[in-house]
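Input: a single structure, listed below in structure tokens.
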Amino acid sequence: MATLATLATLATETQFHVLAVDDSLIDRKLIERLLKTSSYQVTAVDSGSKALEFLGLNGDDEQRDSNPSPVSPDHHHQHIEINMIITDYCMPGMTGYDLLKKIKESKYFKDIPVVIMSSENVPSRINRCLEEGAEEFFLKPVQLSDVNKLRPHLMKGRCKEEDQPNNKRKGMEEIVNSPGRTRSRYNEGLEVVLSQ
């Protein structure tokens, strides 16, 4: 098991790469700016299908099993390592939940932490995503305090430590019971992004 000193060294020496998926240009720009402010490398796409294409997961399961090289991180056609995926829940075509399921079903990418975002506080939706394997569920607008919660999941993925489901349940309760996460803050977040 890694020591705290090793974790701190990894955190300072490594820039994590996050794949951000959102069909809304404004939301995509907001999450991209927040992630870059926190020193993450960001690739942003506007749909779940483009995210799968970027990862090389747009073929069916039989093709992937018979020819694993296009999706293997060692042989990925873009030679880019993705450390986390953050995706909107409500998108046309493929929802964030559908994307989460595809990632968790993948032999090569199932251990990548996935975070879901939504402007709707729907407890059943939150539970379903967390039970399917999402690390976090953020209510929009995503804020810097939310982005600060990502690093432990990235470090855990990097150090290959096991997940703790009780933390997910606690996180879901905090989201559902958080009175301050309202749509009015969405407009404030947009003003900040658009004014910069």
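- Put simply, CD1 on I85 and CZ on F54 are 9.5 Å apart, with the number rounded to the nearest 0.5 Å.
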Test log, rule side chain to side chain contact (heavy atoms under 4.5 Å, CB included), inputs K104 and V114 | CA-CA 9 Å; K104 294 305 175 184; V114 178; 4.2 Å; yes
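- At a threshold of 4.5 Å between non-hydrogen side-chain atoms, the residues V18 and N83 do not count as touching.
- Put simply, the side chain of K29 never gets that close to the backbone of S24: no donor and acceptor are under 3.5 Å apart.
- Taking the side-chain hydrogen bond (donor to acceptor under 3.5 Å, both in side chains) definition, one finds that Y97 meets it with E132, sequence neighbours left out.
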Hey, mind stepping through Y89 and R128 against side chain to side chain contact (heavy atoms under 4.5 Å, CB included) and telling me if it holds?
-> CA-CA 11 Å; Y89 182 89; R128 189 169 72 162; 2.2 Å; yes
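- Atom CD1 of I126 sits about 11.5 Å away from atom CD of E136, to the nearest 0.5 Å.
- No hydrogens or angles considered: nothing links the side chains of S145 and N148 as a donor-acceptor pair under 3.5 Å.
- Side chains of V21 and I86 form no contact here, defined as non-hydrogen atoms less than 4.5 Å apart.
- For E32 and K36, the salt-bridge test passes: some basic side-chain N is under 4.0 Å from an acidic carboxylate O.
- Using modelled atom types, no side-chain atom of S106 and backbone atom of K102 make a donor-acceptor pair closer than 3.5 Å.
- Across all their heavy atoms, A134 and L100 have their closest contact at N-CD1, 3.8 Å.
- Under the 4.5 Å side-chain criterion, counting only non-hydrogen atoms from C-beta, L30 is in contact with P141.
- Residues L139 and S119 fail the side-chain proximity criterion, which asks for heavy atoms closer than 4.5 Å.
- Remark: R125 engages E120 in a salt bridge, criterion side-chain N to carboxylate O under 4.0 Å.
- The OH atom of Y40 lies 5.0 Å from the CG atom of L150; values are rounded to the nearest 0.5 Å.
- Nearest heavy atoms, D23 versus P92: OD2-CD, 3.3 Å.
- When every heavy atom of N121 is checked against every heavy atom of P123, the shortest pair comes out as O-CD, 3.5 Å.
- A donor-acceptor pair under 3.5 Å links the side-chain atoms of Q15 to the main chain of S39, judged by distance alone.
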Side chain to side chain donor-acceptor pair (under 3.5 Å) evaluation trace for N127 with S124 | CA-CA 5 Å; N127 274 330; S124 59; over 6 Å; no
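- Atoms OG and CE, from S49 and M91 in turn, are 8.5 Å apart once rounded to the nearest 0.5 Å.
- Taking the charged nitrogens against the carboxylate oxygens, K50 and D46 do have a contact shorter than 4.0 Å, which makes a salt bridge.
- With D146 contributing its side chain and F138 its backbone, the two residues share no donor-acceptor pair below 3.5 Å.
- One distance of note links CD1 of I103 with CZ of F109; it measures 7.5 Å at 0.5 Å rounding.
- Put simply, the side chain of D22 reaches to within 4.5 Å of the side chain of M117, judged on heavy atoms.
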Kindly determine whether K140 and D88 satisfy salt bridge (Lys or Arg N to Asp or Glu O under 4.0 Å), including the steps that lead there.
-> CA-CA 9 Å; K140 288 183 176 182; D88 186 25; 3.1 Å; yes
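- Once rounded to the nearest 0.5 Å, the distance linking CG of L19 with CD1 of I82 reads 5.0 Å.
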Applying side chain to side chain contact (heavy atoms under 4.5 Å, CB included), run through L144 and S38 and close with a yes or a no.
-> CA-CA 8 Å; L144 195 54; S38 298; 3.4 Å; yes
